[in-house]
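Since this is a predicted model, take the numbers as computed values, not measurements.
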Amino acid sequence: MTKKKDVAWLALNNDRPLFAFDGIWTQFNGDRGTKSKPIPGPHNGYGFLTAAPNAVVELIHPKAMPVILTSQEECDVWMRSPGDEEKSLLPPLPDDALKIVARGPAKT
């Protein structure tokens, strides 16, 4: 039997303003599913980029954290940048830019 982990809610501050994950989307045209029951495409694929965790996230997930965009300007850079400018968004948020605002047992 495995021990259930607590759920942790992270936010930029106690007011819990919205933020965005640095993500990508693509469409795949082909079969997905099992060989015996393939599902023909097109299929939408989504993902988000990760970085090394900051000290707050490392307590919960030591391997990685999503790249978090905290302002409209950062979202604009990610959506419109033609080159290396978006690389500035990839480092994890500073430790003081994210906090655990709620914690509790996972629902069963």
Side-chain angles (χ1 to χ4, degrees):
M1 179 178 249
T2 59
K3 181 182 173 193
K4 288 219 179 241
K5 291 185 178 184
D6 284 350
V7 174
W9 289 91
L10 298 162
L12 301 176
N13 60 49
N14 286 332
D15 294 333
R16 301 180 186 186
L18 292 177
F19 57 84
F21 283 4
D22 202 343
I24 56 175
W25 167 86
T26 191
Q27 192 171 73
F28 167 72
N29 212 353
D31 291 341
R32 295 194 68 178
T34 63
K35 287 183 181 181
S36 64
K37 294 182 182 178
I39 303 167
H43 303 281
N44 293 321
Y46 305 90
F48 57 89
L49 290 101
T50 59
N54 68 12
V56 175
V57 174
E58 190 172 32
L59 297 171
I60 302 160
H61 196 279
K63 292 183 181 180
M65 69 179 283
V67 174
I68 296 173
L69 307 175
T70 61
S71 69
Q72 185 62 50
E73 180 183 2
E74 288 178 344
C75 291
D76 291 343
V77 167
W78 174 247
M79 296 300 291
R80 296 189 181 94
S81 177
D84 290 337
E85 190 178 359
E86 69 271 3
K87 288 182 182 176
S88 68
L89 304 172
L90 297 179
L93 286 178
D95 296 342
D96 62 351
L98 199 61
K99 64 188 287 183
I100 297 172
V101 295
R103 197 170 204 139
K107 290 185 176 184
T108 54

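Among pairs with a residue in residues 50-67, none fulfils side-chain hydrogen bond (donor to acceptor under 3.5 Å, both in side chains), at least two apart in sequence or across chains.
Note: Thr26 OG1 to His43 NE2 = 12.5 Å, rounded to the nearest 0.5 Å.
Annotation for Val7: hydrophobic cluster partners, listed by chain and number, are Trp9, Val101 (ILVMFWY side-chain heavy atoms under 4.5 Å, direct or chained). The hydrophobic cluster containing Trp25, built from Ile/Leu/Val/Met/Phe/Trp/Tyr side-chain heavy atoms closer than 4.5 Å, also comprises Tyr46.
Under the side chain to side chain donor-acceptor pair (under 3.5 Å) criterion, Glu73 pairs with no residue at all, not counting sequence neighbours. Residues satisfying the ring pair (Phe, Tyr, Trp, His ring centres under 6.0 Å) criterion with Phe21, sequence neighbours excluded, are Phe48. Among residues two or more places apart in sequence or in another chain, the side chain to side chain contact (heavy atoms under 4.5 Å, CB included) test is passed with Ile24 by Leu49, Trp78. The side chain to side chain donor-acceptor pair (under 3.5 Å) test applied to Arg80 returns Asp76, not counting sequence neighbours.
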Which pairs would a plain distance check flag for residues 29-40, meaning a side-chain donor or acceptor within less than 3.5 Å of a matching protein atom at least two apart in sequence or in another chain?
{"from": "Thr34", "atom 1": "OG1", "to": "Ser36", "atom 2": "OG", "distance (Å)": "3.4"}
{"from": "Thr34", "atom 1": "OG1", "to": "Lys37", "atom 2": "N", "distance (Å)": "3.0"}

Do any side-chain atoms of residues 92-100 form donor-acceptor pairs under 3.5 angstrom with protein atoms, and if so which ones, sequence neighbours left out?
{"from": "Asp95", "atom 1": "OD1", "to": "Ala55", "atom 2": "N", "distance (Å)": "2.8"}
{"from": "Lys99", "atom 1": "NZ", "to": "Asn14", "atom 2": "OD1", "distance (Å)": "3.2"}

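The main-chain N or O of Pro17 is never found under 3.5 Å from a side-chain atom of Asp15 such that the two would form a donor-acceptor pair.
Here the closest heavy-atom approach between residue Phe19 and residue Leu12 is recorded as CD2-CG, 3.8 Å.
Only one option out of Val77, Val67, Ile68 pairs with Asp22 in a side chain to side chain contact (heavy atoms under 4.5 Å, CB included); it is Val67.
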